[in-house]
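The structure under discussion appears below in the form of structure tokens.
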Amino acid sequence: MATDLVPEVAQPAADSPRPAAPPKGRRRTRTVARDLLRYRWLYLLLLPGLVYFALFKYLPMYGLTIAFKDYVPFLGYSGSEWVGLKHFQELFTGPDFGRLMFNTLLLALLTIVFVFPAPIVVALLLNELRINVLKRSVQSLVYIPHFLSWTIVASLTYLLFSVDFGVIANWIHGVVGGQKTDYVAQADWFRPLIVLQLLWKQTGWGTIIYLAALAGVDSQLYEAARVDGAGRWRQFWHITLPAIRPTIVVMAILTSGNLMDSGFEQIWLMTTSLNRDVADVFDTFVYYIGITQGSFSYATAVGLFKGVVGVVLIFGSNFLAKRLDQRGLF
Amino acid sequence: MKQRVRYYDSVGSRVFDALNVVVLTALALVTVLPLLYVLAGSFATESEISSRPFFLWPHKFVTDTYHYIFSTGTFVRALLTTVAVTAVGTVVQLLLTLTMAYPLAKRFLPGRTLVLNLVIFTLVFSGGMIPTYLVVRDLGLLDSYWALILPLAINPFYLIVVKSFFQELPEALEEAARIDGCNELNVFLRIVLPLSKPIIATFSLFYAVGIWNDYMSPLLYIDDSKKWTLQMIVRQLTAANADSANVLQQLETVTFPEQGLKFAVVVVATLPILFFYPFLQKHFAKGVLIGSVKE
């Protein structure tokens, strides 16, 4: 800060004696006070946001301590008794853990295999589309579902797949014959429907970031390649694909950080009494036992376990990306 | 985007182009046909919905379902609630996001890095559903409309994008205003905000869509069915395991167009978004990109 009007209270050279000036603590206080006064308007603007983060982001993190307590509402956070790792023990040895882990991981795996590559493929196809009008119209249309709520998506699924009048259900019945199937309620169809919903809702929107990366490619590269006799496939392989590789890595890191998040709203909306066994994931389980049954401490422990695994995953995949000679996210 | 020089058109290349057009057109159709079917279904008679497999134009146009839902207290109340909460919520979210993003864009501000790191940390780790619920409860916000607004008041991603946008604004303009005697508050109000119209438009729409579509907050925080939002009604009426008998009792009538109702409710809950979509579209790609390309 060259414009400081106050004379610099310089760091004394390492070997010089302590200056007679006021002790460090007070000097720092005075600097802070001076900064606060000097930038008072900026700090004032910052204040409401800080209150928000303190209240709704950091206070809940303090609330995580009840995962290690037997939380009793009228005793409060500090009055409730510490019980150590009891709730985690209960979770890991209980009958639900294996099922929750399996369901969560299987959905994550299906997402990685089917949902993650979809926007990349569509973006690449859009990028090769030479009719600009068509390109723009397709883009406008495929973005739409991203803006619809999960309740709408669940309703559409019901209207299309339900046993009584679902269009697709009837159509499949017409082709395959046999007994009518209630796709929406059946456990076997839960995961395929979840994947279909994700594909329908997110594929188009997901292309935005890849299209941006593609638009950033220097067109001289293509010209040079063409002069060198590269056909369309070679241009794609040696220029287009490498151009979006960093974006793919970043998106992969972000996705892996969310592996444990199965999307509460979507899963919850698609859960029926018939598919509970395959539908229950950590997120919905936390809701069941926490909100509907009032086991706040146990539910918090389950949520904390999920959150910690998420953090490990995101740092792990970032580390991996760096090892594989990519830039990584941070 | 610049028109590229034409490729050397081999047969393979032309076959690919043709296939590409077919695939992408099919994709666009798969995306919109379900929506158009629901729109058509909402204007069709009960018998047409159950007898015709798929249609985009009903044989006979009827508006029974709309008459019915708009004469139902529960539904109208939910619609008005949703509109009001969305309007107030969006204003609150924008105010908080803009005011916090501006100081964070000032590299010289002491403590800025600390606050930024605290914000970024919340993207990686959070207290989760139950502790957040308890905070909302302890603040006395259960069954209050504020519970649908305040816990979501700042989206950290949007905050960081807006911050980056502010950082890109020409510093010289702000400097000039400061020399002319503006304090930071005035610089923000008179110089920065007017320059930020595109980003304000983008994020007000993102925020509005977020609140309008939010299903989890009402599910968690609102017990009183009189305070339900539209998404709760949609869920109660149409979802697979909906306890429809119960809801329809609350909808206070004996006869009703049962299937058409589901179509119409979906349409009403979707229409405002589709109505604003063309305006939104102009901005959002830019808005998203400011945030993402920088990484």
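The analysis underlying the following values was restricted to heavy atoms, covering all of them including side chains, and did not include hydrogens, waters or symmetry mates.
Using a 4.5 Å cut-off between heavy atoms, B/Val21 contacts chain A through both its backbone and its side chain. The parts of A/Leu59 that come within reach of chain B are both its backbone and its side chain, each placing non-hydrogen atoms under 4.5 angstrom from that chain. With a 4.5 Å cut-off on non-hydrogen atoms, B/Asp138 touches chain A through its side chain but not through its backbone. Only the side chain of B/Val209 comes within contact range of chain A, with heavy atoms under 4.5 Å apart. Looking at B/Thr132, both its backbone and its side chain come within 4.5 Å of chain A, counting heavy atoms on both sides. If you measure heavy-atom distances from B/Val135 to chain A, the contacts under 4.5 Å come from both the backbone and the side chain. For A/Ser140, the parts lying under 4.5 angstrom from a heavy atom of chain B are both the backbone and the side chain. Using a 4.5 Å cut-off between heavy atoms, B/Leu134 touches chain A through backbone and side chain atoms alike. Looking at B/Arg137, only its side chain comes within 4.5 Å of chain A, counting heavy atoms on both sides. Residue A/Ser162: no heavy atom, backbone or side chain, is found under 4.5 Å from chain B. At a 4.5 Å heavy-atom cutoff, the contact between B/Val23 and chain A is made by side-chain atoms alone. Both the backbone and the side chain of B/Tyr215 come within less than 4.5 Å of a heavy atom of chain A. Interface remark: A/Phe264 contributes side-chain atoms only to the contact with chain B (heavy atom separation under 4.5 Å). B/Leu150 touches chain A through backbone and side chain together, each having a heavy atom under 4.5 Å away. Residue contact with chain B, scored on non-hydrogen atoms closer than 4.5 Å, involves the backbone and the side chain of A/Leu50 alike. For B/Leu141, the part lying near chain A is the side chain, with the backbone staying farther off; criterion is any non-hydrogen pair under 4.5 Å. Heavy-atom distances place both the backbone and the side chain of A/Leu129 under 4.5 Å from chain B. In this structure, no portion of B/Leu230 lies under 4.5 Å from any heavy atom of chain A. At a 4.5 Å heavy-atom cutoff, the contact between B/Met129 and chain A is made by side-chain atoms alone. In this structure, chain A has a heavy atom under 4.5 Å from the backbone of B/Leu152, while its side chain stays farther away.
Put simply, the side chain of B/Glu184 does not reach to within 4.5 Å of the side chain of A/Leu45, judged on heavy atoms. Inter-residue side-chain proximity for A/Val122 and B/Leu27 is flagged as met; some heavy-atom pair is nearer than 4.5 Å. Looking only at side-chain heavy atoms (C-beta outward), A/Tyr71 and B/Ile130 stay at 4.5 Å or farther from each other. Residues B/Leu109 and A/Tyr43 meet the side-chain proximity criterion, which asks for heavy atoms closer than 4.5 Å. Using a 4.5 Å heavy-atom cutoff, the side chains of A/Ile291 and B/Tyr133 are in contact. Taking 4.5 Å as the limit, every side-chain heavy atom of A/Ile66 sits out of range of all side-chain heavy atoms of B/Pro131. The shortest side-chain heavy-atom distance between A/Tyr52 and B/Met100 does not fall under the 4.5 Å cut-off. With a 4.5 Å cut-off on side-chain heavy atoms, B/Phe125 and A/Val308 count as touching.
In this structure, A/Tyr58 contributes its side chain and B/Leu118 its backbone to a donor-acceptor pair below 3.5 Å. Not a single donor-acceptor pair under 3.5 Å links the side chain of B/Trp212 to the backbone N or O of A/Ser149.
The greatest number of non-hydrogen atom pairs below 4.5 Å with chain B, out of A/Leu134, A/Ile144, A/Leu156, A/Leu126, is found for A/Ile144. Counting heavy-atom pairs under 4.5 Å between each of A/Leu141, A/Thr151, A/Thr292, A/Asn258 and chain B puts A/Thr151 at the top. Options B/Asn183, B/Leu96, B/Ile120 differ in how many heavy-atom pairs under 4.5 Å they form with chain A, and the most are formed by B/Asn183. Per-residue heavy-atom pair counts under 4.5 Å with chain A were compared for B/Ile154, B/Ile273, B/Val32, B/Val266, and the maximum is reached by B/Ile154. Here B/Leu219 is the residue among B/Leu159, B/Leu274, B/Ile49, B/Leu219 with the most heavy-atom pairs under 4.5 Å with chain A. Ranked by heavy-atom pairs under 4.5 Å with chain B, the first of A/Leu304, A/Leu55, A/Ile131, A/Val302 is A/Leu55.
Between the CZ atom in B/Arg14 and the CZ atom in A/Arg130 there is a gap of 9.5 Å [rounded to 0.5 Å]. To the nearest 0.5 Å, the span separating OG1 on B/Thr122 from CZ on A/Phe56 amounts to 14.0 Å. A distance of 8.5 Å separates CD in A/Glu265 from CG in B/Asn213, rounded to the nearest 0.5 Å. Taken to the nearest 0.5 Å, the OG1 atom of B/Thr31 stands 14.0 Å off from the NE2 atom of A/His146. To the nearest 0.5 Å, the span separating CE on B/Met216 from CH2 on A/Trp150 amounts to 14.0 Å. Here the straight-line distance linking atom OG of B/Ser126 with atom NZ of A/Lys306 works out to 7.0 Å at 0.5 Å rounding.
The shortest heavy-atom contact between A/Leu64 and B/Gly127 is CD2-O, 3.2 Å. Of all heavy-atom pairs spanning B/Ala28 and A/Val142, the tightest one is CA-CG1, 4.2 Å.
By the 6.0 Å contact criterion, CZ on B/Phe54 is enclosed, its count of non-hydrogen atoms from other residues, nucleotides or ligands being greater than 12.
The aromatic ring centres of B/Phe108 and A/Tyr39 sit less than 6.0 Å apart.
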Checking B/Val124 against A/Phe315 for the side chain to side chain contact (heavy atoms under 4.5 Å, CB included) test, could you report, in this order, the C-alpha distance in whole Å, the side-chain angles of both residues, the deciding distance, and whether it holds? CA-CA 9 Å; B/Val124 185; A/Phe315 281 101; 4.1 Å; yes
Tell me, with the steps shown, if B/Tyr102 and A/Leu46 meet side chain to side chain contact (heavy atoms under 4.5 Å, CB included). CA-CA 8 Å; B/Tyr102 180 67; A/Leu46 196 60; over 6 Å; no
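Using cut-offs of 30° and 60° for the angle between ring planes, the B/Phe206 and A/Phe147 rings count as tilted.
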